S.K.: 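Before anything else, here's the structure in question.
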Amino acid sequence: MTVAAASPGMVIAIDGPSGAGKSTLTRLLAQRLGYLHIDTGAMYRTLALAVSRSGISVDDEAAVAALCQGVVIEFLRDDDGYRVISDGEDVSLAIRTPEISMLTSRISAQGAVREILLKLQRELGKGGGVILEGRDIGTVVFPHARVKFFLSASARERGERRYLELREKGAQATLEETLAAVARRDEQDAARELAPLKKASDAVEIDSTGVSIESVLSRMEQVVRERIAEPLGG
Ligand code: DC
C-alpha cells in the first residue's frame, strides 16, 4: 500500500471569496506543515498594478495581455511570510489598495491574463509541498489536488475584516464603502465566465463566521493529517 505520507508533499488548494481568511490561514497552515505558500491573488494583483501604471486601457485585452506577459513576479520569503517583488520592486503594499483590488477583479476575468498565470501557478505547484490560495485552484489550476478547502464567512464579517485590515494600514475607507466594495468584487469574481469563484464538489467547506482563526486552523490541519494517512486514491 502506498501512502501519501511517503510522498514529498501534496498540493493543497484553498479557495474562497475575499475576506474569508484565506491568506492568514494559508500562511499559518503552510508554516505548520512546512509547505510553500503561493498567493495567486497577489499574482493577479501584481499584473493589475502593472496595467494601472502603464496607462493602457483595461478594455484593450490584447495590450493588457502583451504587457502582462512581460511582468516578472517573485515571492521573497521572510519571517512574516513573503514580500511580492515585481521587476525588482517590492510591490507588497502597492497591490493592496482598494483601486488595485477592483482593477484586479476586472483583469482577472480576461482569458489571456488567466492563461499566463495558470501556466505559472502549475509550474510553481508541480513538485508538491505547496498550498495555493485563490478562487479557482481546486476547480481549474489543480483539479486533482489531494486536499481542497473552500473558506467562507458571512458577507458582513468578510467586509468587517477587510475594513479592519485597511484601517490598520492607515487607509481612510469607511465600513459602508468597504462592505459595498467587497460585495461588488465577489459578485464580479463569481459571475465571470472564466474560472469563476466556485466551490469544487470535493472541497471541504469551512464557514468561519464567528469562529476563531485558531479553531479553523486546527480543523484544516486535522483534515490534512487525515488525508496524509489515507491510502493514495482513497
Ligand atoms: O485573493 P485576492 O483578494 O488577493 O484576489 C484579488 C483578485 O484576483 C480577486 O478579486 C479575483 C482575482 N483572483 C482570481 O481571479 N483567481 C485567483 N486564483 C486568485 C485571485
Side-chain angles (χ1 to χ4, degrees), residues 14-28 37 39-59 64 80-84 86 90-110 113-114 133-137 139 149-199 203 205-217 219-220:
I14 302 188
D15 291 303
S18 44
K22 291 190 305 287
S23 290
T24 307
L25 286 158
T26 307
R27 178 169 51 79
L28 295 171
H37 171 183
D39 176 354
T40 65
M43 299 170 86
Y44 282 100
R45 285 171 180 275
T46 304
L47 296 188
L49 181 68
V51 170
S52 152
R53 287 176 171 178
S54 72
I56 289 172
S57 159
V58 62
D59 298 318
V64 167
D80 301 328
Y82 57 88
R83 316 287 307 165
V84 185
S86 178
D90 185 339
V91 294
S92 311
L93 287 180
I95 60 171
R96 304 278 165 199
T97 64
E99 294 71 32
I100 294 298
S101 297
M102 230 26 229
L103 184 64
T104 306
S105 180
R106 287 185 66 193
I107 69 153
S108 66
Q110 298 181 7
V113 170
R114 299 206 73 82
E133 55 149 317
R135 301 291 187 289
D136 62 336
I137 309 302
T139 50
F149 292 104
F150 190 85
L151 299 180
S152 62
S154 72
R156 175 97 206 165
E157 188 154 328
R158 292 188 292 104
E160 284 173 358
R161 287 179 191 164
R162 191 42 58 105
Y163 172 69
L164 290 176
E165 250 173 56
L166 288 171
R167 298 293 294 202
E168 257 174 42
K169 285 185 203 137
Q172 294 300 313
T174 66
L175 177 60
E176 278 61 41
E177 278 165 6
T178 314
L179 287 171
V182 165
R184 208 163 53 240
R185 191 146 69 90
D186 285 347
E187 204 177 285
Q188 222 164 256
D189 295 342
R192 70 179 179 220
E193 215 169 290
L194 299 168
L197 167 67
K198 198 171 77 185
K199 177 185 166 299
E205 182 161 5
I206 302 180
D207 184 337
S208 66
T209 312
V211 185
S212 72
I213 291 281
E214 188 49 45
S215 66
V216 177
L217 182 63
R219 165 104 179 87
M220 292 172 86

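By convention here, the first residue in the shown sequence is residue 1. In this text, all values refer to a predicted model and were calculated from it rather than measured experimentally.
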S.K.: How many angstroms lie between OG in S105 and CD in E187, if you round to the nearest 0.5 Å?
M.R.: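 So the OG of S105 and the CD of E187 are separated by 10.0 Å.
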
S.K.: If the threshold is 4.0 Å, N to carboxylate O, is there a salt bridge linking R162 and E165?
M.R.: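 Judged by the 4.0 Å cut-off on N to carboxylate O distance, R162 and E165 do form a salt bridge.
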
S.K.: Is it the case that the side chain of R83 and the backbone of D90 share a donor-acceptor pair, with hydrogens and angles ignored and the cut-off at 3.5 Å?
M.R.: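 Here the side-chain-to-backbone pair does not exist.
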
S.K.: Please indicate whether E205 has more than 12 foreign heavy atoms, meaning atoms of other residues, nucleotides or ligands, lying under 6.0 Å from its CD.
M.R.: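 Yes, CD of E205 has more than 12 neighbouring heavy atoms, counting only those of other groups under 6.0 Å.
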
S.K.: So, E177 side chain and T174 main chain: donor-acceptor pair closer than 3.5 Å or not?
M.R.: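 Pair found, side chain donor or acceptor close to backbone of T174.
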
S.K.: Working to the nearest 0.5 Å, report the span between OG1 of T97 and CG of L49.
M.R.: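 Answer rounded to 0.5 Å: 8.0 Å.
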
S.K.: Do S52 side-chain atoms and A48 backbone N/O form a donor-acceptor pair below 3.5 Å?
M.R.: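 Side chain of S52 to backbone of A48: no pair is present.
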
S.K.: What heavy-atom pair brings G19 and R161 nearest, and what distance separates the two atoms?
M.R.: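 Answer, listing the atom of G19 first, then R161: O-NH1, 2.9 Å.
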
S.K.: Using atom types as modelled and distance alone, determine if a side-chain donor or acceptor of R27 lies under 3.5 Å from a backbone N or O of G81.
M.R.: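 Absent.
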
S.K.: Without swapping roles, check the side chain of Q188 against the backbone of A109 for a donor-acceptor pair under 3.5 Å.
M.R.: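 Checking the backbone N and O of A109 against the side chain of Q188, no donor-acceptor pair under 3.5 Å is found.
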
S.K.: For L151 and I14, what are the C-alpha separation, side-chain angles and deciding distance, and is it a side chain to side chain contact (heavy atoms under 4.5 Å, CB included)?
M.R.: CA-CA 7 Å; L151 299 180; I14 302 188; 3.8 Å; yes

S.K.: Counting only heavy atoms from other residues, nucleotides and ligands, does the tally under 6.0 Å from NZ of K199 exceed 12?
M.R.: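 Enclosed: over 12 neighbouring heavy atoms sit under 6.0 Å from NZ of K199.
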
S.K.: Are any side-chain N or O atoms of T178 and backbone N or O atoms of G159, one a donor and one an acceptor, separated by less than 3.5 Å?
M.R.: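 The answer is no, because no donor-acceptor pair under 3.5 Å joins these two groups.
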
S.K.: Within a strict 4.5 Å, meaning less than it, do heavy atoms of the L164 and E160 side chains meet?
M.R.: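 Contact flag for L164/E160 side chains = no.
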
S.K.: Would you name the heavy atoms of R158 and V182 that are closest together and state the gap between them?
M.R.: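 So the minimum-distance heavy-atom pair works out to NH1-CG1, 3.7 Å.
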
S.K.: Looking at CG of L217 and CG of L28, how far apart are the two atoms once the value is rounded to the nearest 0.5 Å?
M.R.: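 Those atoms lie 5.5 Å apart.
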
S.K.: Using side-chain heavy atoms (C-beta onward) and a distance below 4.5 Å, is R219 in contact with V211?
M.R.: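 When only atoms from C-beta onward are counted, V211 and R219 do not touch, as no gap falls below 4.5 Å.
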
S.K.: Which pair of heavy atoms, one from D207 and one from A153, lies closest together, and at what distance?
M.R.: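 What the structure gives for the nearest pair is OD1-CA, 3.6 Å.
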
S.K.: R185 versus D189: any side-chain heavy-atom pair under 4.5 Å?
M.R.: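 Heavy-atom side-chain distance check passes, below 4.5 Å.
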
S.K.: Check this for me, if you would: do D59 and R106 make a salt bridge, where the nitrogen-to-carboxylate-oxygen distance has to be below 4.0 angstrom?
M.R.: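 The answer is yes: the pair qualifies as a salt bridge.
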
S.K.: Roughly how far, to the nearest 0.5 Å, is the OG atom of S18 from the CZ atom of R184?
M.R.: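 It comes to 11.5 Å.
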
S.K.: Within the structure provided, determine whether V113 and L47 are in side-chain contact (heavy-atom separation under 4.5 Å).
M.R.: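 Result yes, sub-4.5 Å side-chain heavy-atom pair found.
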
S.K.: Of all the heavy-atom pairs spanning T40 and G134, show the shortest one and how long it is.
M.R.: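 Smallest interatomic distance, heavy atoms only, reads OG1-CA, 3.3 Å.
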
S.K.: Determine yes or no for a side-chain-to-main-chain donor-acceptor pair under 3.5 angstrom, with K22 supplying the side chain and P17 the backbone.
M.R.: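 Side chain of K22 to backbone of P17, a donor-acceptor pair under 3.5 Å: yes, one is there.
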
S.K.: Using every non-hydrogen atom in the two residues, find where A155 and L179 come nearest and quote the distance to one decimal.
M.R.: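 It is O-CD2, 4.1 Å.
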
S.K.: Does some side-chain heavy atom of I56 sit less than 4.5 Å from a side-chain heavy atom of V64?
M.R.: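 In short, these two side chains touch, coming nearer than 4.5 Å.
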
S.K.: Does any donor atom in the side chain of S108 or R192 lie under 3.5 Å from an acceptor atom in the other side chain?
M.R.: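 A donor-acceptor contact under 3.5 Å links the two side chains.
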
S.K.: Just by modelled atom types, is the G21 backbone N or O under 3.5 Å from a matching donor or acceptor in the T24 side chain?
M.R.: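 Pair absent, no side-chain N/O of T24 close to backbone of G21.
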
S.K.: Go through the steps to decide whether R45 and V84 satisfy the test side chain to side chain contact (heavy atoms under 4.5 Å, CB included), and finish with yes or no.
M.R.: CA-CA 10 Å; R45 285 171 180 275; V84 185; over 6 Å; no

S.K.: State, to 0.1 Å, how close S154 and T209 come at their nearest heavy-atom pair, and which atoms those are.
M.R.: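 S154 and T209 have their closest heavy atoms at N-OG1, 2.9 Å.
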
S.K.: Could you grab the distance from atom CG of L175 to atom CZ of R167, nearest 0.5 Å is fine?
M.R.: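 Separation between the atoms: 9.5 Å.
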
S.K.: Once you round to the nearest 0.5 Å, how far does CZ of F150 lie from CG of L197?
M.R.: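 Separation between the atoms: 4.5 Å.
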
S.K.: For E133 and G41, indicate whether the former's side chain and the latter's backbone hold a donor-acceptor pair under 3.5 Å.
M.R.: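 No; judged by distance alone, with no hydrogens or angles, the pair does not exist.
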
